[in-house]
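Structure first, commentary second.
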Amino acid sequence: MFRSLREPNYRHWFAGALISNTGTWMQRTAQDWLVLTVLTDNDATALGIGMALQLGPQLVLFPFAGAIADRFDKRRLLLLTQALMGSCGLVLFGLVITGAVELWHVYALALFLGVVATVDNPTRQAFVSELVGESLLPNAVSLNSASFNGARMLGPAVAGGLTAWLGPAPVFLISGLGFAATIVVLLTLDRARLHPAPIKRGGGVKAVLGGFKYLRTRPDLVVVLVVLFIVSTFGFNFNIYTATMARVEFGRDASGFGLLNSVMAIGSVSGALLAARRDRPRLRFVFGASGGFGAACLLASAMPSYWLFAIALIGVGFSSITMMTAANAYVQTTIPAVVRGRVMAIYAAVVMGGTPLGAPIAGLVANGMGPRAALVLGGSAGIIGIAVGLCWLIGAKHLRVHRTHTRRLVHLTYDGHP
């Protein structure tokens, strides 16, 4: 389960990422609570707009981000993006501590963070293969998810308690400083033990669109991306679900909101660690987990109390991270290294770029019909996702059988046998 940690570079990266990811989750929790309860009057639509601005650049800039990831040294690129992302938390700290923060400040910083993260995301994901090599990549991808969601367990709970006690300002300070951990790791890596991917030389439109050209030859990856788009756009609006359910449905404060995110992360970590035990990712895990996610969201929407809802979120976290980890590992381990940055940029755009559409819709549904209706919308997306995946699997199996049968007939005729 933890075999990638035998590699010193990855072990240090894992520890640094755990610290910086904890800070990231703390900032997300404090920022969402700031928008929902301080800068607006429980306006879930404003919360959705902030998420859309932060993730929207994925839809526009992802082809260029992927080309950049394949064109430049990934370690140096990550030093720049991590420093810029840390600065956002420090700026928010300054605005809140001075009392100058306004809603448009949060929106502007969310947009800036989204632009930087658009480059950071495919670069960081492609860099994992340089840390461990191809043989350990599926395991390392799963452990990355465990690190991210382990931070998700700790970060929101700490952020919720600090926000309720001292306000959001200290949370933003800790978040900004947390990125220093990853920067230190990047500066101290043993470069002799890295497995550098080939650098894609040249530029222009051909280089930018290379990921799309490759995907034309891989219908299996296309259907994975279609399912991910459906579920992530209309289902993965977790902050809206937990914030509105905590505040509107159950009347809880910031600590109650943070606790819900942490409880959901218990399921996420469990799913990521189970994925780390598998040697090879399979498509059936992607599609099956989509259906599991839909069922878990529908179950959570029916929970009558805060604690029963929190328990139901474990299933939401488990199924969502199982789907994401299986999809990520399947994509990364079945593509050549020379296009990995560009394909992973498309992957990131599909997973997060749909938020500008899905988050405001989820917010509007939560405002107009209640938080439970927003969860039903997310559950429906999971059910549609498994339906799409199963239809493709059935069609692909029929096509393989047909082709095999055709080849067999041609072979028999050629040999002159009846």
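No hydrogens, no waters, no symmetry mates; every other heavy atom, side chains included, goes into these values. This chain uses plain numbering: 1 for the first residue, then up along the sequence.
Checking side-chain atoms of S20 against main-chain N and O of G178 turns up no donor-acceptor pair under 3.5 Å. The backbone N or O of T37 lies less than 3.5 Å from no partner atom in the side chain of D41, so there is not a single donor-acceptor pair. Side-chain atoms of R75 come within 3.5 Å of backbone N or O of L186 as a donor-acceptor pair. Although no hydrogens or angles enter the test, the distance criterion places no donor-acceptor pair under 3.5 Å between the side chain of R252 and the main chain of L260. Between the side chain of Y214 and the main chain of V343, no donor-acceptor pair closer than 3.5 Å is present. Remark: side-chain polar atoms of N9 are paired, donor with acceptor, to backbone N or O of D190 under 3.5 angstrom. D120 places no side-chain N or O within donor-acceptor distance of the main-chain N or O of V116, the cut-off being under 3.5 Å. Under the 3.5 Å distance criterion, the side-chain polar atoms of N237 are left unmatched by any main-chain donor or acceptor of I240. Distance alone, capped at 3.5 Å, is enough to place a donor-acceptor pair between the S232 side chain and the V350 backbone. Judged by distance alone, the side chain of S301 and the main-chain N or O of L298 form a donor-acceptor pair under 3.5 Å.
Contact record, A243 with L36: CB-CD2, 3.8 Å, taken as the closest heavy-atom pair. Counting all heavy atoms, side chain and backbone alike, S4 lies closest to N139 at OG-OD1, 2.6 Å. Here the closest heavy-atom approach between residue F179 and residue Q82 is recorded as CD2-OE1, 3.3 Å.
To the nearest 0.5 Å, atom CD of residue E7 and atom CG of residue L5 are 10.5 Å apart. Interatomic distance, F93 CZ to I174 CD1, rounded to the nearest 0.5 Å: 10.0 Å. With rounding to the nearest 0.5 angstrom, the NZ atom of K213 is 13.0 Å from the CG atom of L215. Between atom CE of residue M323 and atom CG of residue L228 there is a gap of 4.5 Å, rounded to the nearest 0.5 Å.
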Intermediate values then yes/no, side-chain contact (heavy atoms from CB on, under 4.5 Å), Q31 and Q54 = CA-CA 12 Å; Q31 180 177 304; Q54 186 165 326; 3.6 Å; yes
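R124 and T81 are not linked by any side-chain donor-acceptor pair at a separation below 3.5 angstrom, with hydrogens and angles left out of the test.
Checking L53, V91, V101 one by one against L109, the side-chain contact (heavy atoms from CB on, under 4.5 Å) holds for a single residue, V91.
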